[in-house]
Amino acid sequence: MPELPEVETVMRGLEPHMTGRRIISARISGKRLRHSWPEGFAARLEGGRVERLRRRAKYMLWDLDTGETVLCHLGMSGRFTVWPGTQDVPEALGAFYFHGPSEREPGPHDHLILTLEDQTRIAYTDPRRFGFFDLMAREDVGNHPALARLGPEPLGPGFTPAYMARALRGRRGAVKTALLDQAVVAGLGNIYVCEALFRAGISPRRQAGGIAPSGRPTARLERLVTAVREVLLEAIAAGGSTLRDHARVNGEAGGFQQHFAVYGREGEPCEGCGRPVQRIVQGGRSTFFCSHCQK
DNA sequence: CGGGACTCCTGCCAGC
DNA sequence: TGCTGGCAGGAGTCCC
């Protein structure tokens with residue numbers, strides 16, 4: 001699920017339920033996710049009021065009035081589900097994650113369940129356990145190892161053709177691999193890199209440094225920056241992409257997967273030229289592209 | 001510093 | 001029907 005648009009969708013879904021509310025109970029599965037749970041994690045959340053939700057790249061942050069900030073990454077399969085306090089647990093989701101509205105016993109892949117002061121319940125579910133939570137003083141957030149070396153936000157002012165020219169100059173690896181490097185630009189994943197390269201008409205196999213030989217912006221870089229921004233904004237507007245499960249906190253699917261031009265479409269006709277979309281492997285991960293439309 | 005291989009974990013699907 | 005291998009939206013570590 002989670003690249004930048006999916007994390008943004010989840011955060012927007014959680015915001016109206018969490019912002020301004022106090023956490024009265026936090027329960028963790030105790031199972032190790034990508035990292036061990038921080039010392040005293042649940043106890044340090046309980047009693048805290050959520051002041052603000054933020055996103056940085058694929059990370060979500062919850063600022064609490066205790067002075068601490070929760071850092072969360074969804075990994076590959078992490079998702080949040082919300083049950084507003086005034087509402088019954090939805091039937092379908094209840095069967096899947098909880099055993100019933102009264103019991104609300106956690107399912108096997110629920111790792112964190114919050115209860116807020118108005119009885120809203122928020123569950124974090126993650127079968128593969130590649131996600132993680134951390135907790136730190138708010139002023140230390142920027143120094144957290146996961147955040148300290150991230151590149152600019154692709155939807156922020158720092159992501160420009162001039163920046164990309166400097167960032168890619170001299171890189172000998174493929175441009176596709178460079179765009180997945182969170183130190184180059186923070187928040188892109190496999191789907192949106194494939195889609196952006198298709199829109200920009202750039203071959204994923206092209207050498208990254210070859211797009212910016214002089215370290216100055218080029219027409220290709222202009223197209224790339226524009227394509228990345230457009231694909232992300234469209235995906236956010238569609239509520240993200242849902243491949244195997246729901247991305248949104250109310251259980252509804254995102255819709256952007258309907259708009260994939262190349263991702264997951266090996267063998268299907270390219271919407272530009274009709275030739276079959278190809279799949280190759282780069283850095284151990286699938287790349288989908290059209291070798292005719294992308295040069 | 002760059003980059004490829006490998007790793008963590010479970011679920012799902014195609015193919016036999 | 002049932003098993004097996006491959007693959008999946010991420011990212012850290014190790015090694016060259």
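What you see is a predicted model; the values in this text were computed from it and never measured. Below, chains carry the letters A, B, ... as their sequence lines are ordered, and counting in each starts from 1.
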Check: Would you say A:Phe130 stacks on C:dA11, if stacking means ring centres under 5.5 Å apart and planes within less than 30 degrees?
Finding: no

Checklist line | Gap in Å between the two P atoms, one belonging to B:dC6 and one to C:dG6, rounded | finding: 14 Å

Next item on the list: Check the distance between C:dG10's P and A:Arg56's CZ and give it to me in whole angstrom.
Entry: 16 Å

Item checked: Listed nucleotide nearest any side-chain atom of A:Thr177, set C:dC7, B:dG4, C:dA11 -> B:dG4

Margin query: Show me, range against range, the stems involving DNA chain C, built from at least 3 consecutive Watson-Crick or G-U pairs below 3.5 Å.
Written below: B:2-8 with C:10-16, B:10-16 with C:2-8

Check: Taking the side chain of A:Arg34 as heavy atoms from C-beta outward, which of B:dC9, B:dC8, B:dG11 is closest to it?
Finding: B:dC8

Next item on the list: Could you please name the option among C:dA8, B:dG3, B:dT10 that lies closest to any side-chain atom of A:Arg129?
Entry: B:dT10

Note to self: Please report the distance, rounded to the nearest Å, between CD in A:Glu266 and P in B:dA14.
What the structure shows: 14 Å

Next item on the list: Could you check which of B:dG11, C:dC7, C:dG10 has an atom nearest any side-chain atom of A:Lys58?
Entry: C:dG10

Next item on the list: Rounded to the nearest angstrom, tell me the gap between atom CZ in A:Arg32 and atom P in C:dG12.
Entry: 14 Å

Check: Where the side chain of A:Tyr59 is defined as all heavy atoms beyond and including C-beta, which of B:dG11, C:dC7, C:dA11 is the nearest nucleotide?
Finding: C:dA11

Item checked: Side-chain donor-acceptor pair present, A:His35, A:Asp134, cut-off under 3.5 Å -> no

Margin query: Side-chain N or O of A:Arg285 versus OP1/OP2 of C:dG10: is the shortest distance under 4.0 Å?
Written below: yes

Note to self: So that I can tick it off, tell me whether A:Arg265 and A:Glu271 are bridged by a salt bridge, with the cut-off set at under 4.0 angstrom between side-chain N and carboxylate O.
What the structure shows: no

Next item on the list: Give a yes or no on whether a salt bridge exists between A:Arg56 and A:Glu153, defined as a side-chain N under 4.0 angstrom from a carboxylate O.
Entry: yes

Check: So, is A:Gln182 close to the C:dA11 phosphate, meaning a side-chain N or O under 4.0 Å from OP1 or OP2?
Finding: yes

